[in-house]
K.L.:
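I am attaching a structure below and will ask some questions about it afterwards.
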Amino acid sequence: PNLLRELLNTEEASNLFYGNSNKVLKNNKKALVGVLPELFQDEELFKSRTELLDFAENVLDIEISRASKRSRIEYIGLIICEVTKLDDKRLGVLVDALEVIVGNENKITQMKEAKKLPNFSWNDTILKLSRQ
């Protein structure tokens with residue numbers, strides 16, 4: 001335990017855990033893999049498998065066949081697996097925005113309300129809520 005405490009008190013460890021954009025690059029794919037399951041499990045936000053697939057297509061640019069009948073959990077797993085194949089640099093803005101939203105119950109509620117509007121857009125809503 002003492003060795004771990006000493007290591008955590010070093011500048012390099014501090015940068016790793018608390019962030020220093022000059023020295024440590026964020027892994028956006030891993031962050032999404034951590035954030036998306038929590039988001040996708042909200043059955044009020046994603047009422048159907050179709051809504052999960054729409055999110056994957058419109059926000060993540062992931063195309064998943066709708067021809068085969070899969071369970072909700074299977075689709076979530078497929079989307080998460082496909083996220084690992086995406087370009088990490090391109091995901092930065094999305095990851096930052098989703099991290100702000102997922103940790104805030106008020107923003108999730110606002111997203112659910114926005115989904116009811118006729119001109120709903122995942123991208124616009126995510127960007128708007130992350131900036132509030």
K.L.:
If you round to the nearest 0.5 Å, how far is OH of Tyr75 from OG of Ser65?
P.N.:
6.5 Å

K.L.:
In terms of hydrophobic clustering (I, L, V, M, F, W, Y; side-chain heavy atoms under 4.5 Å; direct or indirect links), are Leu78 and Leu60 co-clustered?
P.N.:
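Leu78 and Leu60: one cluster.
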
K.L.:
In Å, rounded to the nearest 0.5 Å, how long is the span from CG of Asp96 to CG of Leu94?
P.N.:
9.0 Å

K.L.:
Taking only residues two or more places apart in sequence, or in another chain, which ones meet Arg90 in a salt bridge (Lys or Arg N to Asp or Glu O under 4.0 Å)?
P.N.:
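Testing Arg90 for salt bridge (Lys or Arg N to Asp or Glu O under 4.0 Å), a comparison that skips the adjacent residues, returns Asp61.
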
K.L.:
Given the rule in the side-chain contact (heavy atoms from CB on, under 4.5 Å) test, do Asn106 and Gln110 qualify, once you have shown the distances and angles that lead to the verdict?
P.N.:
CA-CA 6 Å; Asn106 184 41; Gln110 289 177 32; 3.1 Å; yes

K.L.:
Do the side chains of Phe120 and Leu52 join up, straight or via other hydrophobic residues, at under 4.5 Å, putting them in one cluster?
P.N.:
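Yes.
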
K.L.:
Give a yes or no answer on whether the side chain of Arg131 reaches the backbone of Ile126 with a donor-acceptor pair at less than 3.5 Å.
P.N.:
no

K.L.:
Tell me if the NZ atom of Lys107 is crowded by more than 12 foreign heavy atoms within 6.0 Å.
P.N.:
yes

K.L.:
Quick check against the 3.5 Å criterion: does Asn123 have a side-chain atom that pairs as donor or acceptor with the backbone of Asn58?
P.N.:
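Side chain of Asn123 to backbone of Asn58: a pair is present.
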
K.L.:
So, does Lys112 use its side chain to make a donor-acceptor pair with the main chain of Leu45 at under 3.5 Å?
P.N.:
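No, the answer is negative, given that no donor and acceptor are paired below the 3.5 Å cut-off.
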
K.L.:
Could you check whether any side-chain N or O of Asp88 sits under 3.5 Å from a backbone N or O of Asn27, counting only pairs where one atom can act as donor and the other as acceptor?
P.N.:
no

K.L.:
With hydrophobic residues grouped by side-chain heavy-atom distances under 4.5 Å, do Val100 and Leu129 end up in a single group?
P.N.:
no

K.L.:
Using 0.5 Å steps for rounding, measure from the CG atom of Asn28 to the CG atom of Asp87.
P.N.:
9.5 Å

K.L.:
State whether Glu51 and Lys115 are salt-bridged, where the test is any N-O pair (Lys NZ or Arg NE/NH1/NH2 against Asp/Glu carboxylate O) under 4.0 Å.
P.N.:
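Yes, charged N to carboxylate O under 4.0 Å.
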
K.L.:
Can you name the residues that form a salt bridge (Lys or Arg N to Asp or Glu O under 4.0 Å) with Arg66, not counting sequence neighbours?
P.N.:
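Testing Arg66 for salt bridge (Lys or Arg N to Asp or Glu O under 4.0 Å), a comparison that skips the adjacent residues, returns Asp54, Glu57.
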
K.L.:
Using a 3.5 Å distance criterion without hydrogens, assess whether the side chain of Ser130 forms a donor-acceptor pair with backbone atoms of Leu127.
P.N.:
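Between the backbone of Leu127 and the side chain of Ser130 there is a qualifying donor-acceptor contact (under 3.5 Å).
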
K.L.:
Measure across Ile101 and Ile108 and return the closest heavy-atom pair with its distance rounded to 0.1 Å.
P.N.:
O-CG1, 3.7 Å

K.L.:
Could you tell me how the ring of Trp122 sits relative to the ring of Phe55: parallel (under 30°), tilted (30 to 60°) or perpendicular (over 60°)?
P.N.:
perpendicular

K.L.:
Can you tell me how far CG of Leu32 sits from CD1 of Ile80, rounded to the nearest 0.5 angstrom?
P.N.:
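These two atoms lie 7.5 Å from each other.
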
K.L.:
Output yes when a side-chain donor or acceptor of Glu74 lies under 3.5 Å from a complementary backbone atom of Ser71, and no otherwise.
P.N.:
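Yes.
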
K.L.:
At their closest point, which heavy atom of Lys29 faces which heavy atom of Leu91, and how far apart are they?
P.N.:
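Nearest heavy atoms, Lys29 then Leu91: CG-CD1, 3.8 Å.
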
K.L.:
Just by modelled atom types, is the Arg70 backbone N or O under 3.5 Å from a matching donor or acceptor in the Arg49 side chain?
P.N.:
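Indeed, once roles are kept as given, a pair shorter than 3.5 Å links the two residues.
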
K.L.:
Please identify which of these residues, Ile76, Val102, Val83, Val95, meets the side chain to side chain contact (heavy atoms under 4.5 Å, CB included) condition with Leu36.
P.N.:
Val83

K.L.:
Are Phe46 and Arg72 close enough, and set up right, to give a side-chain contact (heavy atoms from CB on, under 4.5 Å), and what steps lead you there?
P.N.:
CA-CA 10 Å; Phe46 295 96; Arg72 177 184 187 89; 3.5 Å; yes

